[in-house]
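A, B, ... follow the sequence lines: proteins, then strands. Residue 1 opens every chain.
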Amino acid sequence: MISPDPWVWLSAILTMCSFSLLYGDNKFFRFAEHTFTAVVIGHNVVMGVFTLKDRFYPLYAGQKLLLIIPLVLGIMVIFMIWRKYAWLAAIPMAIMIGVSQGITVRALINTDVMGNVKAVISEGASIFVGNPADGVGTLIRVAFTITAVFYFLFTFTFKSTTSRPLEYFRTFGKYVLLIFIGIYVGNQSMQNSMLATSAINRLVRNWLGFG
Amino acid sequence: MSTMDSISRFVRTRITRIVIVITLLSAVAGYFFSSPEINNLNAELNLWNMNIITFTLFIGLITIYFSYSKSVSQRSTNWPFRLYALVLIIVWIVMGLYSGLYSDMYQTAFLSTKITLHIAILGQLIFFYLSAMYRTFRVKTLRTGILVIFALAMVVLNSPITLSNWSAADQISYWLLNNPGMGGARAVVLASGVGGVVLALRILMGLEKGALRATGG
Amino acid sequence: MKIPELQARHVWAIVLIGYLIPAFIPLGMSPVISSATQTVYDTIQALPPNSIVMCGGGGVFAFDLESSAGLIAALKQMSKLNVKVVFYPMWIETMQFSKYCVDSARVDEKYGGPWKYGRDYVILPYIPGNEVGLVSFLNDVKKTVSTDYAGTPISQLPIMDSLNNYKDISLWICAQWDGVTILRYVTGEYGIKVMWFAQSSAYSAFGPYMQVYPGKIYITNGALGGAQYEKLNGIKGLGHAALDSNVVFTLMFIGFLVLGNLTMLYGNKKVEK
Amino acid sequence: MILQIPLIEQITPRAGQMFNLAMLILSGVLVYLSYYLAKQGRTWTIRPMEALDAIQEGIGRAAEMGRPVLMFPGIGNLQNVQTIAGLTMLGEIVERGARVNVPVNTIPSATEIVTASEAIVRDAYNRAGKPELYEIGKYVKWFGTDQFVYAVGGAGHILVEKPAMIVFLGYFLADVLVTGEAGSRVGALQIGGTADQSALSLMAMCCDYIVMGEEIYAVTAAITEDKYQIATIASQDWFKSLLIVFLVAGVILTAAGLKSLINFMWW
C-alpha cells in the first residue's frame, strides 16, 4: 500500500527529482540540487551557531577569559572579504595552517610512513613460516610494496647501461599500481551496487509499499 | 595610508611566518614529548584552531550570498532556484534554532530531505560507474588490459553466483585483496605520506608557494 | 558490421531496468559464509553476558547504509546474548544512523524485543573533537559525557554505572566510515578488540591495519559480508537485497565490458572521440 | 598559566616514537640540504608527467574555445596535506588562466578552504596584473560542507558552464564519480589526482589523465617552476631511497630471524 506519510512522499519526490539527473539537466534536478544545497547550508549554520554557543559559554560566564583571543582571531578571519583589511585575516590563517599541519605531520610520519615501514618489515618473518599460500602472498605483498614505492622516485633518471635494470624495476612498479587500482575498482563496485539497491528499495518498499 | 601598508606587509611576511613556526613545532613537540605545559599549550591551540574554523562559516555564507543574490538580480540561468534556495536556507536556520538539533522535528525534516537526497545521489553512483566503465574499459594497451582483467576478476569472484558454485572463489578474492592489492595500496600510503611530510616541512620553512599565499591576503 | 556507440543515457536506462527487477521480484540469492565473517560471529557469540560493547565511529548516514546490514544483524544477535551496547557517535549523522539501526533491528521492547533503553542500550549524543574526544572518553567516560542524546543525565541510565573507562569495554564495533581513527586509538593505544562492518571501499582502503594489529581487528567485506552476517542470524534484510542486485550487476558489468570492446573493434570510427 | 616555560625534568619522551621523531628530523635536514644546494645553483628535473602537460594544454584549449576551467581542491580541510597541494595548484591555474582571460572557477567543500581559496584566487589575480577582475563569490562557489552536496552542486555547475577542462586535485572519495561523469558528459578534458586509494580507482575510470598518490606533490611543485620547491622533491626522493633500503634490509633480516638487529626502529 502506498504510504500516507507526507514526509515519505517528500522523500520519494526528492529521490525521483534527484534521479532525473540521469535524463539530463532539467528543472526537477535543479529543484533537488538547490534543496540539497540549502538544507546543508542551513544545517551548517545551525550546527555552527550551537557550536559557537557551547565553545564560548565559558567566556560569557566569565570562567575562562583567555577565550577572548580565539574570539578576536575568529572575527579577524572575516576581514578576508575586504581587500584593504585582508591582511588582518593573515594571522588566524597562519594559526589554522600551522596547527593543522603540525597535527598532520606527526600522524603522517607515525602511521603512514614509519608505521607502514615497520609493518612491512615485521611481515618478513612470516614469509617462510606456515602455509605456503600465505607465505607466497606475503612475499608478493612485500615485493609489490617496495617496487611501487620505487615508481615514486621523480628526480632519478636511469639512462646509463648499468642503471638500466632499475628503470625496468620502476616500470614494474607502475604495473603494480595498476593491478591495485584494478582490484579496488572491482571490489568497490559492490558498494556502488548496494547503494543503488538501498535508494531504489526506499522507493519501492517505503513509498509504494511492495515487499 | 603608507603606515598601514607597512604594517600590512610586516604582518604578512614576518608575523605569519613566526606564528606558523611556533604553532607547527608546538603541535609536533607536544606529541613526541609530553609535559604538562606543552600539553596545555597544545590543547589551547587546538581549541583556538577549532574556534577560528567555525568562524570561516561566515565567509562561506558571504560568498554564497554574493553569488546567489547577483544571480537573482541579473536574472541569470536558474535564478528562481537560487531565490528558492536563499529562502529555504533562512527557513531552515529559523526552524533549527527554534527546535534544536536533537528534536524529533529536526530529525524527521533532516532525514526526509538531506539524508534522502544523499542516498539518492549515492544510488546514482552505480549508473555513473557502469557508463564510465563502458567508455574506458577498452583493452587498447597493456595498461588498460591489466586494469580490466583484475577488475573483472574481482567482480566475478564477489558475485553471489560464483560464490555459491565455487567454494574457492571466496578465498581467492580475499587473497587478491590482501596481497597484490594491499601491496600497491600500501605503497601509495607510504609514498604520499613522505610527500605530505615534506610539504609540511616546506610550509615550516616558508618554501611552499601555494598554500602560504592564503596568508598573503 | 558496425556497432554504434551507446550514449551514457542509454546505458543508464538499461541499468535502471536492471535494478528495478530484483526490487519488485526478489531473486532469493543466499550467501556462502566466508571465514572472516564466521570469525566475527563467533567472537560476538563468545562475549560473556552483561559485558559492555561500544558501537560507534564517524560517518555519514547514507554511506554507512552498507554497514547497516551487518550491524542490524549483530544488534539482534547481541540482544539475545544479553550484552549491553553503548552507541558513541563521532560525527553528527552517526547518532541518527545508530537510532535508525536500533529501530530497524526491532530489538527495543516497544517493538516487542528484549531490550529496554537505559538498561540494555544507550545512545550518547554527538561527541565533537574526533580523536581528542575519543581519547578523553576512553580515559574518563563521566568527564566526557554528561547526558545521552535526548538530554537525560547519565546518572539515570543503569548501564553507565558500570562504564567508567576503557577497562570496562569488551569490544568496539564500528559500522562507520572513519574506522581508522577508532583503530589507531582504541586498538593501537588501549588494546581493545575492534570489529568493523566495513563498506567495501573501506575494506580495501584500511585493510593494511589488520596486519599492523594482528588478532585484534575483525573486518567483514561490504554488503556481501553484511548478507553473510544476516544469514548467520537468520534474517533477510538489505544485505540479501544487495545480493540479488549484485547478480544483475555482474551480468551488466560483463555485458557492457564485452559491448565496449566490441564497439572498439567493430565500431563506427567517425563517432569515436 | 599556559605560557610557562616547560621544566626540563617534566618532559617525558613518548615510548616507541623516538625513532619516528629521528626520521622526521632527518627528513627536515634533507629538505634543508636540498634547499641549500638549490641556492648554490644545483638544479633537478622532475621526470616528464603527462598530466602536467595536459593541464598547460587545457588552459590554452579553454582560451580557444572561450570556455572556463573548473578546479576541485577536494573535500579535505586544512589538516589534509593533499588539499594543501590542491590549493597550490589552484593558485597556479588561476594565474595562468587570468593571463589569457580564462576564468577559473573552484568548488571547495570545507569553509576554511573556501576562505583560503578566496585569498589564493585574489592573490593570483594580483600577480597576473588584473586585480580588478576579482570579486568575492565570483570564482569560488560554495554549496555547503558535506561530501556529496558539493559534488551535486558541482555537477549542476558543470552542466551550465560547460568547462573546457576540469582538474581534480586533493582529497576525494566516491564523490568524484558524480562530478567526473558530469564533466565527461559536457566533453571536458579531465585531470584527476589524489592519494586516497578508493578515489584513485574511480578517477582511473572517469578522468583522461590521473596523478597517482605522491605524484600530486611532484606535479604541484613542477607547475610552480620554482627551483626551491622542485629541489625539495629531490629531498623527498632521497628520503624514499633510504626507506627502500630499510625495507629491503629489514625484510631480509626478519626473514632470516635476525629482527633483534633492527629493534632500534621500535624505540
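- No hydrogens or angles considered: a donor-acceptor pair under 3.5 Å links the side chains of B:Glu208 and D:Thr88.
- The closest side-chain heavy-atom distance from D:Thr111 to B:Ile59 is not below 4.5 Å.
- Closest approach of B:Val188 and D:Ala195 over heavy atoms only: CG1-O, 3.6 Å.
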task: Decide yes or no on side chain to side chain contact (heavy atoms under 4.5 Å, CB included) for D:Leu21 and B:Phe33, but give the supporting numbers first.
output: CA-CA 10 Å; D:Leu21 177 64; B:Phe33 302 97; 3.6 Å; yes
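- More than 12 heavy atoms of other residues, nucleotides or ligands lie within 6.0 Å of CZ in B:Arg75, so this atom counts as buried by the packing criterion.
- Under the 3.5 Å distance criterion, the side-chain polar atoms of B:Arg202 are left unmatched by any main-chain donor or acceptor of D:Thr232.
- In this structure, B:Ser67 and D:Trp142 have side chains that are not in contact, with every pair of non-hydrogen atoms separated by 4.5 Å or more.
- Comparing D:Thr115, D:Leu243, D:Ile216 by heavy-atom pairs within less than 4.5 Å of chain B, the highest count is held by D:Thr115.
- Within the cation-pi definition used here (under 6.0 Å to the ring centroid, within 45° of the axis), D:Arg14 qualifies as a partner of B:Tyr31.
- Here the straight-line distance linking atom OG of B:Ser131 with atom CZ of D:Arg185 works out to 8.5 Å at 0.5 Å rounding.
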field: Derivation and outcome, side chain to side chain contact (heavy atoms under 4.5 Å, CB included), residues D:Val31 and B:Met205
entry: CA-CA 9 Å; D:Val31 172; B:Met205 296 183 192; 3.8 Å; yes
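- Between D:Glu118 and B:Thr63, the closest side-chain pair of non-hydrogen atoms falls below 4.5 Å.
- Residue D:Lys240 comes nearest to B:Ala191 through the heavy atom pair CD-CB, 4.5 Å, listed as atom of the first residue, atom of the second, then distance.
- Taking D:Gln147, D:Gln229, D:Met18, D:Lys141 one by one and counting their heavy-atom pairs under 4.5 Å with chain B, the maximum is reached by D:Gln229.
- One finds the CZ atom of B:Phe150 at 14.5 Å from the OG atom of D:Ser201 (value rounded to the nearest 0.5 Å).
- Counting heavy-atom pairs closer than 4.5 Å to chain D, the top-ranked of the candidates B:Ile203, B:Ile52, B:Thr136 is B:Thr136.
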Evaluation steps, side chain to side chain contact (heavy atoms under 4.5 Å, CB included), between B:Val197 and D:Gln236: CA-CA 9 Å; B:Val197 168; D:Gln236 226 160 288; over 6 Å; no
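- For the set D:Tyr35, D:Phe143, D:Tyr32, D:Phe148, the entry with the most heavy-atom pairs within less than 4.5 Å of chain B is D:Phe148.
- In plain terms, the two heavy atoms of B:Ile53 and D:Glu112 that are nearest each other are CG2-OE1, 3.3 Å.
- Rounding to the nearest 0.5 Å gives a distance of 12.0 Å between SG of D:Cys206 and OH of B:Tyr129.
- Side chains of B:Leu190 and D:Glu214 form no contact here, defined as non-hydrogen atoms less than 4.5 Å apart.
- Of the candidates D:Val149, D:Asp175, D:Val152, D:Val152 is the only one forming a side-chain contact (heavy atoms from CB on, under 4.5 Å) with B:Ile121.
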Run the side-chain donor-acceptor check on residues 81-92 of chain B: report pairs under 3.5 Å with partners two or more places apart or on a different chain.
residue : atom : partner  : partner atom : Å
B:Arg82 : NE   : A:His34  : NE2          : 3.2
B:Tyr84 : OH   : A:Thr35  : OG1          : 2.9
B:Trp92 : NE1  : B:Tyr106 : OH           : 3.1

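- Contact annotation for B:Leu122: only side-chain heavy atoms (C-beta onward) come within less than 4.5 Å of a heavy atom of chain D.
- The contact between D:Leu202 and chain B is made entirely by side chain atoms (from C-beta outward), counting heavy-atom distances below 4.5 Å.
- No other option in D:Met212, D:Met205, D:Met89 has as many heavy-atom pairs under 4.5 Å with chain B as D:Met205.
- Proximity to chain B (any heavy atom under 4.5 Å) is shown, for D:Val178, by both the backbone and the side chain.
- Minimum heavy-atom separation, D:Glu181 to B:Arg135: OE2-NH1, 3.3 Å.
- Rounding to the nearest 0.5 Å places CG of D:Leu78 at 8.5 Å from OG1 of B:Thr56.
- Considering only heavy-atom pairs separated by less than 4.5 Å from chain B, the leading option among D:Ile136, D:Leu87, D:Leu24, D:Asn77 is D:Ile136.
- For the options D:Thr224, D:Leu90, D:Ile84, heavy-atom pairs under 4.5 Å to chain B are most numerous at D:Ile84.
- Only the side chain of B:Leu199 comes within contact range of chain D, with heavy atoms under 4.5 Å apart.
- Of all the heavy atoms in D:Ser235 and B:Val198, the pair that sits closest is OG-CG1, 4.3 Å.
- Proximity to chain D is limited to the side chain of B:Phe137, based on heavy atoms less than 4.5 angstrom apart.
- Contact annotation for B:Ile64: only side-chain heavy atoms (C-beta onward) come within less than 4.5 Å of a heavy atom of chain D.
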- request: Determine, step by step, whether D:Asp146 and B:Lys114 satisfy the side chain to side chain contact (heavy atoms under 4.5 Å, CB included) criterion, reporting the C-alpha distance in whole Å, the side-chain angles of both residues, the deciding distance to 0.1 Å, and the verdict.
  value: CA-CA 10 Å; D:Asp146 185 86; B:Lys114 160 60 233 308; 3.0 Å; yes
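- By the 6.0 Å contact criterion, CZ on B:Phe32 is enclosed, its count of non-hydrogen atoms from other residues, nucleotides or ligands being greater than 12.
- For chain B, no part of D:Glu215 is nearby; none of its heavy atoms comes within less than 4.5 Å.
- Applying the 6.0 Å contact sphere to CZ of B:Phe66 captures no more than 12 heavy atoms from other residues, nucleotides or ligands.
- There is no contact between D:Ala124 and chain B, counting heavy-atom distances below 4.5 Å.
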